[in-house]
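Chain letters run A, B, ... following the sequence lines, proteins first, then strands; residues in each count from 1. Excluded from the calculations below are hydrogen atoms, water molecules and symmetry mates; all remaining heavy atoms, backbone and side chain alike, are included.
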Amino acid sequence: MKDALRELLLHALDTLRQDGVLDASVPPFVIERTRSREHGDFACNAALLLAKTLGRKPREIATALVAAMPASKLVARTEIAGPGFINFFLSDAAWHEAIRRALHEGAHYGHSRSGADRAVGIEFVSANPTGPLHVGHARAAAIGDTLARLYSATGWKVYREFYYNDAGAQIQNLALSVQARIGGIEPDDPRWPADGYRGDYIKDVAKDYLAGATAVAGGEQVTAGRNPDDLDAIRHFAVTWLRREQDEDLRAFGVAFDVYFLESSLYVDGKVQQVVDRIASQGHSYEADGALWLRATEFGDDKDRVMRKSDGTYTYFLPDVAYHLSKWERGYKHAITELGADHHGSLTRVKAGLQALDIGIPKDWPQYVLHQMVTVLKGGEEVKISKRAGSYVTLRDLIDMAGLDATRYFLIARKSDSQLVFDIDLARSQTNDNPVYYVQYAHARVCSVHRQMHERSIVFEQHEALKHLDRLGGEHARTVMVEISRFPEIVEAAAASHEPHLLAQYLRELAGAFHVWYNAEQFLVDDEGLRNARVALAYATRQTLANGLGMLGVSAPESM
RNA sequence: GCGCCCGUAGCUCAAUCGGAUAGAGCAUCGGCCUUCUAAGCCGACGGUUGCUGGUUCGAGUCCAGUCGGGCGCGCCA
């Protein structure tokens with residue numbers, strides 16, 4: 001709808017240019033939904049922007065633009081208002097078009113081709129296999145997966161990637177912790193390993209190891225060696241065991257990855273070495289104190305960073321650079337890395353490393369989406385402990401307490417760079433306080449109407465119904481139509497700005513508009529034309545809700 | 001001390017890459033069920049957008065400073 005108005009304006013600009021009124025430049029004008037009905041349905045600031053460059057009064061330019069604009073059946077009238085806005089008042093036909101599109105496009109309504117099948121790699125969660133996924137990972141999973149769905153919906157070829165560290169110190173700590181448990185050592189025992197993992201799940205791993213159990217994950221099947229002294233066997237088993245657990249939790253959360261990328265593969269392939277050599281050959285490194293340093297300060301970091309420690313091993317960020325290089329080489333001209341904000345310090349480092357390769361990677365690649373902390377609230381008090389994990393609340397805890405739908409919705413309902421309070425009681429509540437139920441209920445209500453029609457043998461012919469949309473009257477129906485027409489814009493904006501919360505917010509507004517209308521008017525009336533028009537709008541609403549909820553990974557129940 | 005994020009109604013949060021009179025929900029108070037689900041709807045109350053300057057036709061939004069909260073500043077990951 002916005003695009004149609006933009007066409008009209010571009011046409012008008014062209015005409016004025018030919019008449020010599022304007023110069024060749026096209027101002028970056030915006031067409032936006034107005035806040036107030038008095039200002040029409042859409043407003044455009046083109047005249048205000050042109051006034052600056054032309055040195056003329058904005059209202060004069062607006063008048064000329066309006067005069068040069070071709071007629072359209074979508075536009076009932078225009079007005080020039082305020083300092084020089086052009087306000088568009090749309091015709092009923094324009095809103096009816098939204099119903100037609102929603103019904104004709106069905107499950108594709110709100111989708112677009114703006115991505116043009118370009119590839120985008122979205123990395124998220126990337127938890128180490130040393131314990132169950134926690135609330136931070138849960139937020140990462142919800143944000144990353146919703147972003148992936150939004151990118152798919154806007155025509156991108158999306159690859160979801162999960163990167164994990166399957167070697168290194170943390171994994172060693174894991175193996176030592178399991179070994180300790182195998183030996184019956186408790187976390188408060190003096191013999192407990194220094195940075196051991198204290199959660200109860202370590203006990204389960206130890207038990208399964210001793211029982212000779214088999215763990216399957218990442219295409220690998222590992223049977224426990226049962227030998228308490230074989231640390232390598234313990235490590236291998238524990239990693240696979242925890243990966244399986246994480247996989248199960250992610251599956252339960254409705255998240256599936258296309259690529260699981262192992263840090264160890266970067267060593268096997270020589271990718272890490274390749275990165276070091278390349279940076280050195282480009283003159284961006286030096287040796288000092290027995291270590292190899294990256295001149296990160298050349299690339300905007302506030303200090304130089306160690307790449308290879310004096311003990312010969314690499315710091316974690318080198319494989320990170322190698323991993324991102326792999327993404328680049330695999331063709332992700334667009335790459336998004338979703339991280340907890342506590343890792344933001346590593347961004348500059350990784351980008352510095354990528355720049356130091358001198359292979360033409362853009363400075364702003366990859367794009368980052370950071371999320372802030374999650375606080376879990378229950379009974380008005382902060383929950384910090386999970387029995388299973390010890391010091392943190394897990395993704396599994398959230399799903400168990402609040403359910404899949406509420407958990408996903410709540411975790412993306414807030415802008416990712418503000419801190420989030422997850423109120424378990426609210427998420428569980430089946431009342432109008434709970435936005436998830438509110439939205440789902442709107443969907444269920446339309447389904448209920450649908451069932452009623454079936455029971456009363458009322459026939460609905462879509463083709464016929466669409467001829468009678470002018471029977472729809474009143475503010476409430478109009479508001480619903482306007483909301484439905486916004487959906488494609490919301491999807492586009494949420495994807496482009498990496499702000500999935502816009503979609504959650506929008507669905508609540510659409511549901512609200514629907515509930516108001518539903519409450520005010522009876523759909524199943526005797527007048528067939530009117531009834532069909534109303535049912536068509538109800539179905540269009542249902543379709544839009546279902547599509548939107550689908551993009552959030554939240555179910556759209558037929559009854560509640 | 002340095003860097004990043006956030007300060008908007010009593011509470012939780014919005015505000016469409018600078019737009020017009022800053023919006024929802026909850027809470028509080030008052031109304032609406034012989035009608036397709038009252039898990040709903042209607043109304044009232046509620047604001048110096050932390051503070052001070054600046055930029056311009058216009059600032060919650062951008063800039064400088066300041067106060068408050070969070071996170072990060074390892075040859076840890």
*Determine the interplanar angle of the A:F514 and A:F523 rings, folded into 0 to 90°, and report it as parallel if under 30°, tilted if 30 to 60°, perpendicular if over 60°.*
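Judged by the thresholds at 30° and 60°, the geometry between A:F514 and A:F523 is perpendicular.
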*Name the orientation class of the two ring planes belonging to A:H324 and A:W365 (parallel below 30°, tilted from 30 to 60°, perpendicular beyond 60°).*
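A:H324 and A:W365: perpendicular rings.
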Checking contacts here: which listed nucleotide ([options]) is nearest the side-chain heavy atoms of [X]?
{"X": "A:V449", "options": "B:A15, B:C75, B:C36", "result": "B:C36"}
{"X": "A:V421", "options": "B:C13, B:C57, B:C41", "result": "B:C13"}
{"X": "A:R414", "options": "B:C13, B:G70, B:C42", "result": "B:C13"}
{"X": "A:L524", "options": "B:A77, B:C36, B:U21", "result": "B:C36"}
{"X": "A:H343", "options": "B:C71, B:A77, B:C36", "result": "B:A77"}
{"X": "A:K303", "options": "B:C71, B:C75, B:G74", "result": "B:G74"}
{"X": "A:A291", "options": "B:C75, B:A15, B:C36", "result": "B:C75"}

Distance test, side-chain N/O of [X] to OP1/OP2 of [N], below 4.0 Å:
{"X": "A:R33", "N": "B:U16", "value": "no"}
{"X": "A:K309", "N": "B:C76", "value": "yes"}
{"X": "A:Y314", "N": "B:A77", "value": "no"}

_Partners meeting salt bridge (Lys or Arg N to Asp or Glu O under 4.0 Å) with A:D41 (sequence neighbours left out)_ =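 Applying salt bridge (Lys or Arg N to Asp or Glu O under 4.0 Å) to A:D41 gives A:R478.
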*Got a sec, which residues hit salt bridge (Lys or Arg N to Asp or Glu O under 4.0 Å) with A:R451, two or more places apart in sequence or on another chain?*
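Result, salt bridge (Lys or Arg N to Asp or Glu O under 4.0 Å) vs A:R451: none returned.
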Identify whether any heavy atom of [X] sits under 4.0 Å from a base atom; if not, whether one sits that close to sugar-phosphate; answer base, sugar-phosphate or nothing.
{"X": "A:D311", "value": "nothing"}
{"X": "A:A43", "value": "base"}
{"X": "A:M373", "value": "sugar-phosphate"}
{"X": "A:F317", "value": "nothing"}

_For the CD atom on A:E298, are there more than 12 heavy atoms of other groups (residues, nucleotides or ligands in this structure) within a distance under 6.0 Å?_
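Count over threshold, so yes.
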_Heavy atoms from other residues, nucleotides or ligands near NZ of A:K57 exceed 12 (cutoff 6.0 Å)_ =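 Not buried by this count: 12 neighbours or fewer within 6.0 Å.
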Is there a donor N/O on one and an acceptor N/O on the other, under 3.5 Å, for the side chain of [X] and the base of [N]?
{"X": "A:T315", "N": "B:C75", "value": "no"}
{"X": "A:Y437", "N": "B:A39", "value": "no"}
{"X": "A:N173", "N": "B:A77", "value": "no"}

Can you tell me, in whole Å, how much space there is between the [atom1] of [N] and that of [M]?
{"N": "B:G60", "M": "B:A22", "atom1": "P", "result": "9 Å"}
{"N": "B:G23", "M": "B:G69", "atom1": "P", "result": "31 Å"}
{"N": "B:U61", "M": "B:G30", "atom1": "C1'", "result": "37 Å"}

*asked:* Syn or anti for B:C73, given that syn means the glycosidic angle lies within 90° of 0?
replied: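 Nucleotide B:C73 adopts anti.
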For nucleotides 24-33 of chain B, print each protein N/O atom paired with a nucleotide N/O atom at under 3.5 Å, atom names and distance only.
none

Less than 4.0 Å between a side-chain N and a carboxylate O, is that true for [Y] and [X]?
{"X": "A:R37", "Y": "A:E475", "answer": "yes"}
{"X": "A:D527", "Y": "A:R531", "answer": "no"}
{"X": "A:E509", "Y": "A:R486", "answer": "yes"}

*Would you sort out whether A:Y316 and A:N165 count as a side-chain hydrogen bond (donor to acceptor under 3.5 Å, both in side chains), showing the intermediate values?*
CA-CA 9 Å; A:Y316 78 95; A:N165 174 326; over 6 Å; no
*Does A:A288 or A:A413 map to a spot on RNA chain B nearer the 5' end, using the closest nucleotide for each?*
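Looking at the nearest nucleotide for each, A:A413 comes out on the 5' side.
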*Just how far, in rounded Å, is P of B:C17 from CD of A:E489?*
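A:E489 atom CD is separated from B:C17 atom P by 12 Å.
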Using a cutoff of under 3.5 Å, can you pull out all pairs of nitrogen or oxygen atoms linking the protein to nucleotides 3-6 of chain B, with atom names and distances?
unit_1	atom_1	unit_2	atom_2	d
B:G3	N2	A:H344	NE2	2.8
B:C5	O2'	A:Q372	NE2	3.4
B:C5	O2'	A:D417	O	2.6
B:C6	OP1	A:D417	OD2	3.4

*Pairs counted as Watson-Crick or G-U wobble with both distances under 3.5 Å: what dot-bracket string results for RNA chain B, using | for bases tied to another strand?*
(((((((..((((.....[...)))).(((((.......))))).....(((((..]....))))))))))))....
_Aro-ring/base stack A:H501-B:A14, d under 5.5 Å, angle under 30°_ =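 No, A:H501 does not stack on the base of B:A14.
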*asked:* Tell me whether A:F85 and B:G19 count as stacked here, given that the ring centres must be under 5.5 Å apart and the planes must differ by less than 30 degrees.
replied: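 According to the criterion (under 5.5 Å, under 30°), no, A:F85 does not stack.
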*asked:* For A:Y286, does the six-membered ring have the charged nitrogen or CZ of A:R295 within the cation-pi criterion, i.e. under 6.0 angstrom from the centroid and within 45° of the normal?
replied: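 Checked: cation-pi criterion not met.
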_With side chain to side chain donor-acceptor pair (under 3.5 Å) as the rule and sequence neighbours excluded, what pairs involving residues 408-428 of chain A come up?_
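The answer is A:D145-A:R408.
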*Tell me whether the centres of the aromatic rings in A:F162 and A:F124 are closer together than 6.0 Å.*
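Centroid distance A:F162-A:F124: not below 6.0 Å, so no.
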